Protein chains: 2
Amino acid sequence: MPKRINPFKEQREGQIKEAALKLFSQKGFHNTTVTEISEAAGLGKGTIYWYWKSKEELAFSLVEDMLSAFLRLLEEAVGWEGAFREKFDRLLDEVIALYRVEKEHCRLLWKFRADRHYIFDQEYVRKVASYYLGMRKAIAALVEQGMEEGAIRRADADKLALAMLGAAEGLELEWLENEEYFDIGEGLKLVFGALLDGLGGET
Amino acid sequence: MPKRINPFKEQREGQIKEAALKLFSQKGFHNTTVTEISEAAGLGKGTIYWYWKSKEELAFSLVEDMLSAFLRLLEEAVGWEGAFREKFDRLLDEVIALYRVEKEHCRLLWKFRADRHYIFDQEYVRKVASYYLGMRKAIAALVEQGMEEGAIRRADADKLALAMLGAAEGLELEWLENEEYFDIGEGLKLVFGALLDGLGGET
DNA sequence: CAATATCGACCGACCATCCGGTCGATATTT
DNA sequence: AAATATCGACCGGATGGTCGGTCGATATTG
């Protein structure tokens with residue numbers, strides 16, 4: 001029970017997160033120094049360690065912000081009313097919107113993805129994995145609904161979900177690396193449109 | 001003109017590359033030290049600098065080995081005889097085979113991908129980009145053939161090629177991260193099969 | 001309401017460590 | 001002996017994290 005509450009806590013944490021997001025998403029974890037973050041936030045280096053106990057924890061809080069937003073969207077989508085294809089198309093739109101709004105967070109996730117095992121300790125890596133697993137399960141549930149309705153050919157729903165996530169992630173990457181040329185909305189709609197029409201059950 | 005040729009040159013370079021490939025692909029560039037590589041190769045640290053002028057150049061030679069193999073395969077595929085779909089299916093098989101044989105190189109490419117701008121200097125980054133561009137152009141040429149034959153709906157061939165590469169890369173990533181569960185061949189055939197059947201022209 | 005005491009947010013110089021790359025010593029081959 | 005090849009101790013720069021210290025705000029007291 002603190003005797004005094006810090007009136008600037010939220011503002012400070014916001015400043016620091018904002019600066020860290022910008023730098024991490026541009027340069028990755030290893031190429032961003034804590035000193036840089038503190039300077040970009042307009043604060044002293046020690047202040048960062050007042051609010052977070054390590055560079056790693058600061059980074060993880062940014063990762064978790066994005067992963068939890070994505071997972072929440074997918075899990076909500078499963079519960080929506082309506083036929084599979086309606087739900088799926090709406091989900092695609094919302095995913096695209098989320099990508100666009102949170103582009104910097106997307107970039108950050110990619111920067112951290114390849115060597116997350118060397119950025120985060122085991123417990124955090126497990127947390128990240130469980131977010132991804134949750135996403136896959138949500139997609140799989142949606143896909144199963146599609147199969148029951150006959151909108152998708154019967155197959156291993158979990159593996160199909162994994163393939164769909166993979167394809168979406170690959171398109172996301174191309175978007176981030178060719179932002180002026182390749183649009184994520186266009187790409188997702190092209191691939192998933194064709195995928196579902198091609199995978200569709202009997203006409 | 002050296003007075004004597006080094007009878008061990010190829011062997012040494014092989015030892016070093018093999019050790020570096022293994023370590024880089026497991027731990028990434030920043031988490032692998034030159035000392036580790038030299039120990040894994042059973043050589044002194046200085047010897048690495050006899051054969052390469054920096055850690056960066058050693059890493060790049062591994063990247064280039066893989067990128068050039070991929071590019072060569074794609075460019076050859078364009079010149080094959082036959083109808084689009086035959087060529088495409090054969091290409092898919094050969095790509096899958098290459099992935100499987102060169103799994104460690106694939107992993108290395110992923111580890112380096114996100115922060116290649118902080119691993120390699122500008123000239124090397126440009127080279128990498130031109131490999132990827134070449135791949136896209138090769139796929140686009142194939143896709144254009146498919147459009148002319150009516151096997152694929154007319155669309156922007158270059159963007160479709162980019163989307164296809166993106167999807168393939170995403171599936172590759174899922175494979176590398178879920179190797180016991182998700183097979184790259186299965187995934188590629190599922191997605192590209194559905195994609196082409198869905199994208200196919202008039203039946 | 002002053003005067004005093006306490007607190008906690010903030011700072012940045014400093015420390016310990018790590019690592020790529022160098023270089024002189026040494027061994028081997030011609 | 002000259003050229004080539006190998007080695008590993010050492011150097012210098014970089015960086016995450018620490019810690020003693022500052023200072024204004026808040027609480028306490030007379």
Side-chain angles (χ1 to χ4, degrees), chain A residues 1-20 23-24 26-63 111-112 115-121 124, chain B residues 1-20 23-24 26-63 111-112 115-121 124:
Chain A
M1 198 65 54
K3 285 192 182 164
R4 299 173 195 175
I5 51 113
N6 181 354
F8 296 121
K9 189 172 196 296
E10 280 186 27
Q11 185 190 329
R12 290 282 180 271
E13 288 180 354
Q15 278 171 270
I16 295 169
K17 274 189 168 186
E18 193 182 342
L23 288 164
F24 281 146
Q26 277 171 9
K27 319 184 353 154
F29 185 81
H30 296 295
N31 305 295
T32 301
T33 69
V34 177
T35 304
E36 278 178 313
I37 296 172
S38 71
E39 282 167 1
L43 296 167
K45 183 176 174 181
T47 306
I48 289 183
Y49 288 89
W50 180 261
Y51 290 99
W52 279 273
K53 86 175 218 286
S54 66
K55 183 187 181 187
E56 180 198 346
E57 296 225 335
L58 169 57
F60 187 74
S61 73
L62 294 169
V63 167
K111 292 279 182 189
F112 287 10
D115 50 58
R116 60 179 185 275
H117 298 281
Y118 294 88
I119 294 174
F120 300 124
D121 67 32
Y124 286 161
Chain B
M1 199 65 53
K3 282 202 178 161
R4 75 188 160 94
I5 50 113
N6 182 353
F8 297 123
K9 189 172 194 296
E10 280 186 25
Q11 185 190 331
R12 289 281 181 274
E13 289 179 354
Q15 279 171 273
I16 295 169
K17 274 188 169 185
E18 193 182 341
L23 289 163
F24 281 147
Q26 276 171 9
K27 317 182 357 152
F29 185 81
H30 296 295
N31 304 295
T32 301
T33 68
V34 176
T35 303
E36 278 177 313
I37 296 171
S38 72
E39 282 167 0
L43 296 167
K45 184 177 173 179
T47 306
I48 288 182
Y49 288 88
W50 180 261
Y51 291 97
W52 280 274
K53 84 177 219 287
S54 66
K55 183 187 181 187
E56 179 197 348
E57 295 224 337
L58 170 56
F60 187 74
S61 73
L62 295 169
V63 167
K111 292 280 183 190
F112 286 11
D115 51 63
R116 61 179 185 276
H117 297 281
Y118 294 88
I119 295 174
F120 300 123
D121 67 33
Y124 286 160

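Remember, predicted model here, so these are calculated numbers, not experimental data. Chain letters run A, B, ... following the sequence lines, proteins first and then strands; every chain starts at 1.
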Exercise. In whole angstroms, how far is the C1' atom of D:dT15 from the CD1 atom of A:Ile37?
Worked result: 12 Å
Exercise. Which of these nucleotides, C:dC11, C:dG20, D:dG17, is closest to any side-chain atom of B:Lys55?
Worked result: C:dG20
For this session: Specify the separation, in whole Å, of atom CD1 of A:Ile16 and atom P of C:dA9.
Result: 12 Å
Problem set entry | Phosphate OP1/OP2 of D:dC7: any B:Thr47 side-chain N/O under 4.0 Å | yes
Exercise. Between D:dG21 atom P and A:Tyr49 atom OH, what is the distance in whole Å?
Worked result: 22 Å
Exercise. Between A:Glu36 and A:Lys27, is there a side-chain N and carboxylate O pair less than 4.0 Å apart?
Worked result: yes
Exercise. Between A:Ile48 (CD1) and C:dG12 (P), how many Å, whole number?
Worked result: 12 Å
Exercise. What pair of heavy atoms forms the shortest contact from A:Trp52 to A:Ser61, and how long is it?
Worked result: NE1-OG, 3.8 Å
For this session: Check every strand shown and say whether B:Ser54 touches a base, only sugar-phosphate, or nothing at a heavy-atom separation below 4.0 Å.
Result: sugar-phosphate
Problem set entry | Value in whole Å for how far the C1' atom of C:dA9 lies from CH2 of A:Trp52 | 14 Å
Problem set entry | Euclidean distance, atom CD of residue A:Glu39 to atom P of C:dC11 [Å, nearest integer] | 12 Å
Exercise. So which nucleotide from D:dG16, C:dG20, C:dC10 ends up closest to the side chain of A:Trp50?
Worked result: C:dC10
Exercise. Would you say B:Tyr51 reaches D:dT6's phosphate, i.e. side-chain N/O to OP1/OP2 under 4.0 Å?
Worked result: yes
Exercise. Which atom pair, heavy atoms only, marks the closest approach of B:Ala40 to B:Ala19?
Worked result: CB-CB, 3.8 Å
Problem set entry | Nearest-nucleotide 5' precedence on DNA chain C, A:Gly42 against B:Lys45 | A:Gly42
Problem set entry | Distance, rounded to the nearest Å, where A:Lys53 contributes NZ and D:dT18 contributes C1' | 15 Å
For this session: Figure out the CD/P separation between A:Glu36 and D:dA14, and round it to whole Å.
Result: 12 Å
Seminar exercise, completed: Assign each of A:Phe29 and A:Gly46 the nucleotide of DNA chain D bearing its closest heavy atom; nearer the 5' end lies the nucleotide of A:Phe29
For this session: Determine whether the aromatic ring centres of A:Phe29 and A:Tyr118 lie less than 6.0 Å apart.
Result: no
Exercise. Less than 4.0 Å between a side-chain N and a carboxylate O, is that true for B:Lys9 and B:Glu13?
Worked result: yes
